[in-house]
Amino acid sequence: MNSGPLRVIIGIVIVAIVVYVVIFVMQRTTTKQVKALQDKKQKLMELDTKLSLVEGKKLSLTGQSLKRFDDLQTEYKQIEKVDFKAFDQKAEDVLFESKGWNVVKAKQSLKNLNDLLDQIAGHIVDVRQGIEALQRMDAEHREAVKKLEVEYQTLRKTLLTRNFEFGESIDKLEEMLASLEDDFDEFTHLTEQGDHTAASDIYTQLHTETERLERIIDQIPIVEKQIQTDFPAQIKELEAAFQQLTADGYLFPNKRLATEIAGVETSRVITNNMLRDLAIDDAAANTEVISQQIDNLYAQFQVEMDAKKEVGHTKKQIETFINHARHQNHLLMIELDRIGQRYILTDHEEAKTQEFAQQIKQIETDYRQTVLDIQFGKAIYSQIGEQFEKFEDDLTDVEEKQQDIWEALQGLKDREKDAQKQFEKAAFSVRDIKREVEHWNLPGLPSDYRHLYERIINQIDRLDRALQNSHINMNEIKTQLDSIQADIVTLKHATDRLYYDARFAEQLFQSSNRYRMNDRAISEAYNEALMAYQNHFDFAHAREILGAALEQVEPGIQEKISAQLD
């Protein structure tokens, strides 16, 4: 036999064997999975769902609760009679299909079977949870009936034994409690009948309103005490205090005090009406406002009483302060007259002192008028206190300015002495410079240097005459002295430069003697520099001319001479 066809036959056999093995394995696997789902279904059937339904019937449900229970019971019967049977039929179909060759169809059918069982399990969970919710609601409602009954008995007892604490609110509180008890009776009736769905709606509102009543009962005594006890006493005290203070001569910047006190009573009555109608939050907020109003009125009384004490304490101090400032001003005027005989005053000291006198006089006039207002009962003490404080501030400012002028006057003599010393020092400095320059034996001095020196001498002479005057201006003297001192500094620098240039030029003349006989350029530079030195006294120019020429024959000579002079 030819080997080619044999290989084909063998290949076909192998493929067939492999396919058979795969199908066999998948059949076995599908059978196991179906068995597992059947076991899960059996466990769902064995759950005590039926027992729960039996227990649910014992609740004696009615109304919407009974309808809900019947729906749950119907749903479970549907699961038992329809869903479980449908599952069993589909399980048989899957097992049958798995024995065939359509592997893909068998796999999809297995998935559908699994989804169906999950759906059945979900419905069972819904049924069980619904039953549990009804049982829980029944227990909660029956417990709520017991609890609310105790609460209402307690609330009723509270209203009876403490009715004096609730004032006019007692009627509304009893009405509210009675309404709650009516709702409670309806809730109890629905609970006993088993209509928990309808009872739930009542219970939610009943719970909320009961908590509100308890909160109101806790809060009302506090607000009631404020409205009926605390505030009336405080208002009465305010009225009495206002009358007494007015009788004692007190005046108030607030002209509406009596109206505001009456307004507090009006607010109290309005708040009492709010409390009577159980608007506890609004009433409590109003009590805060009333408390602030009362505190504000007390504060206004206290401000004036404190101000009266302070005014009585300060009045004598102000009078003493005025007398002292006036006396200080008198002494300052005398001192101005004395100092003015020697010095020219340039800061309007006399005009300022006259202005101080007018200020003091005006303060005294205002003070006297204030004292009269107090004597004739026209005084608002808080405003007078502010006036007195301003008097003190203004008088303090006047005395500080008086002291500044006084110290400035006393300093004029010291300034004159200091100016005299500086003048003498400046004169000696110029004299010493002159002597030093004369010792140098120079052929003459440059014109700009002479002019600077002469200007300083003239300034010194003018300052000397100013200091010798019987009536001097220290500001003008200081200006002249500052100018002289600045020019002396300039003169010293010019003198140092003059000496340096002259000595430098002399050194260059000596050095040029070695070259000028044989070097025409040096000779010409020498003659030109000598002309500048001896005839024009321009030592710097002489140095520049001769220095530049010598550098050509002896490089570095100027640097060498500069080092010697430094």
Pair K478 + D482: basic N to acidic O under 4.0 Å = yes
task = Give a yes or no on whether H471 atom NE2 has more than 12 heavy-atom contacts from other residues, nucleotides or ligands under 6.0 Å away.
result = yes
task = Measure from the side-chain N and O atoms of T246 to the backbone N and O of F242, and report whether any donor-acceptor pair falls under 3.5 Å.
result = yes
key: Y453 and Y449 aromatic centres sub-6.0 Å   = no
message = Ignoring hydrogens and geometry beyond distance, is a side-chain donor-acceptor pair present between Q234 and D230 at under 3.5 Å?
response = no
query = L442 and A502: which non-hydrogen atoms are nearest, and at how many Å?
reply = CD2-CB, 3.8 Å
inquiry  = What's the separation between atom CD in Q402 and atom CG in D397, rounded to the nearest 0.5 Å?
reply    = 10.0 Å
Check against side-chain contact (heavy atoms from CB on, under 4.5 Å), R462 and Q480 = CA-CA 9 Å; R462 185 165 64 254; Q480 292 184 37; 4.0 Å; yes
key: Within the 6.0 Å centroid threshold, strictly below: F301 and F252   = yes
key: Parallel, tilted or perpendicular, as decided by the 30° and 60° cut-offs, for the rings of Y533 and F509   = perpendicular
inquiry  = Could you check whether any side-chain heavy atom of K434 comes within less than 4.5 Å of a side-chain heavy atom of V430, counting everything from C-beta outward?
reply    = no
key: K421/E424 ion pair, N-O < 4.0 Å   = no
query = Given the side-chain rings of F321 and F391, with only the six-membered ring counted for Trp, is the space between their centroids under 6.0 Å?
reply = no
Gap between atom CZ of F231 and atom OG of S291 - 0.5 Å precision = 3.5 Å
note = Of all heavy-atom pairs linking I484 and A426, the shortest is CG2-CB, 4.0 Å
Check: T479 main-chain N/O paired with S483 side-chain donor or acceptor under 3.5 Å = no
request  = Would you indicate whether Q317, at its atom CD, is surrounded by more than 12 heavy atoms from other residues, nucleotides or ligands within a distance under 6.0 Å?
outcome  = yes
inquiry  = For A284, is there any backbone N or O sitting under 3.5 Å from a side-chain donor or acceptor partner on T287?
reply    = yes
query = When you measure from the side chain of D248 to the backbone N and O of Y250, does any donor-acceptor pair fall under 3.5 Å?
reply = no
remark   = So salt bridge (charged side-chain N to carboxylate O under 4.0 Å, His left out) across residues 326-341, not counting sequence neighbours, yields R326-E364, E335-R338
key: side chain to side chain donor-acceptor pair (under 3.5 Å) between S523 and Y515, intermediate numbers included   = CA-CA 8 Å; S523 177; Y515 306 104; over 6 Å; no
message = Quick check: closest heavy atoms across E551 and E559, and the distance to 0.1 Å?
response = OE2-N, 4.5 Å
Electrostatic pair E416:R342 at N-O distance under 4.0 angstrom = yes
message = Pairing donors with acceptors under 3.5 angstrom, does anything connect the side chains of Q369 and D373?
response = yes
remark   = Tightest non-hydrogen contact, residues M474 and Y343, listed as CG-CD2, 3.8 Å
ask   = Between atom OG1 of T353 and atom NE2 of H348, what is the distance when rounded to the nearest 0.5 Å?
value = 12.5 Å
task = For residues I522 and Q552, determine if any side-chain heavy atom of one lies less than 4.5 Å from a side-chain heavy atom of the other.
result = no
request  = Measure the shortest side-chain to side-chain distance between D538 and P446 over non-hydrogen atoms and say whether it is less than 4.5 angstrom.
outcome  = no
query = Is there side-chain contact between Q558 and L550, with at least one heavy-atom pair below 4.5 Å?
reply = no
task = Look up atom CD in E239 and atom CD1 in I235, then write down how far apart they are to the nearest 0.5 Å.
result = 7.0 Å
query = So which heavy atom on Y381 is nearest to which on E304, and how close?
reply = N-OE1, 3.2 Å
request  = Please lay out, stage by stage, how L445 and F537 fare under the test side-chain contact (heavy atoms from CB on, under 4.5 Å).
outcome  = CA-CA 6 Å; L445 297 173; F537 317 124; 5.8 Å; no
task = Could you tell me whether a side-chain N or O of N296 sits under 3.5 Å from a main-chain N or O of Q292, the two making a donor and an acceptor?
result = no
ask   = Is it true that the side chains of Q387 and D366 contain a donor and an acceptor less than 3.5 Å apart?
value = no
key: Sidechain N-carboxylate O distance under 4.0 Å for D496, K492   = no
task = Can you measure from NE2 (H439) to CD (E436) and round to the nearest 0.5 angstrom?
result = 9.0 Å
query = So L508 and Y526, side-chain contact (heavy atoms from CB on, under 4.5 Å) or not? Walk me through it.
reply = CA-CA 9 Å; L508 290 172; Y526 180 90; over 6 Å; no
task = Decide yes or no on side chain to side chain donor-acceptor pair (under 3.5 Å) for R268 and N273, but give the supporting numbers first.
result = CA-CA 9 Å; R268 187 195 71 82; N273 294 337; over 6 Å; no
task = Calculate, to the nearest 0.5 Å, the distance between atoms CG and CG belonging to N473 and L345 respectively.
result = 9.0 Å
inquiry  = If the threshold is 4.0 Å, N to carboxylate O, is there a salt bridge linking K352 and E349?
reply    = no
ask   = Is the shortest distance from a Lys or Arg side-chain nitrogen in E319 or K315 to a carboxylate oxygen in the other one below 4.0 Å?
value = no
message = Using side chain to side chain donor-acceptor pair (under 3.5 Å), reason through E407 and Q403 one step at a time and then give a plain yes or no.
response = CA-CA 6 Å; E407 291 176 358; Q403 185 65 26; 3.1 Å; yes
key: E260 and N254: CA distance, side-chain angles, deciding distance, side chain to side chain donor-acceptor pair (under 3.5 Å) verdict   = CA-CA 10 Å; E260 289 182 5; N254 181 4; 3.2 Å; yes
Side-chain donor-acceptor pair present, E399, H324, cut-off under 3.5 Å = yes
query = What heavy-atom pair brings S267 and N286 nearest, and what distance separates the two atoms?
reply = O-ND2, 4.4 Å
inquiry  = Taking R514 first and then E554, would you say they form a salt bridge - that is, a charged N and a carboxylate O separated by under 4.0 Å?
reply    = yes
task = Could you go through the side-chain contact (heavy atoms from CB on, under 4.5 Å) check for D464 and D461 one step at a time?
result = CA-CA 5 Å; D464 186 33; D461 289 342; 5.5 Å; no
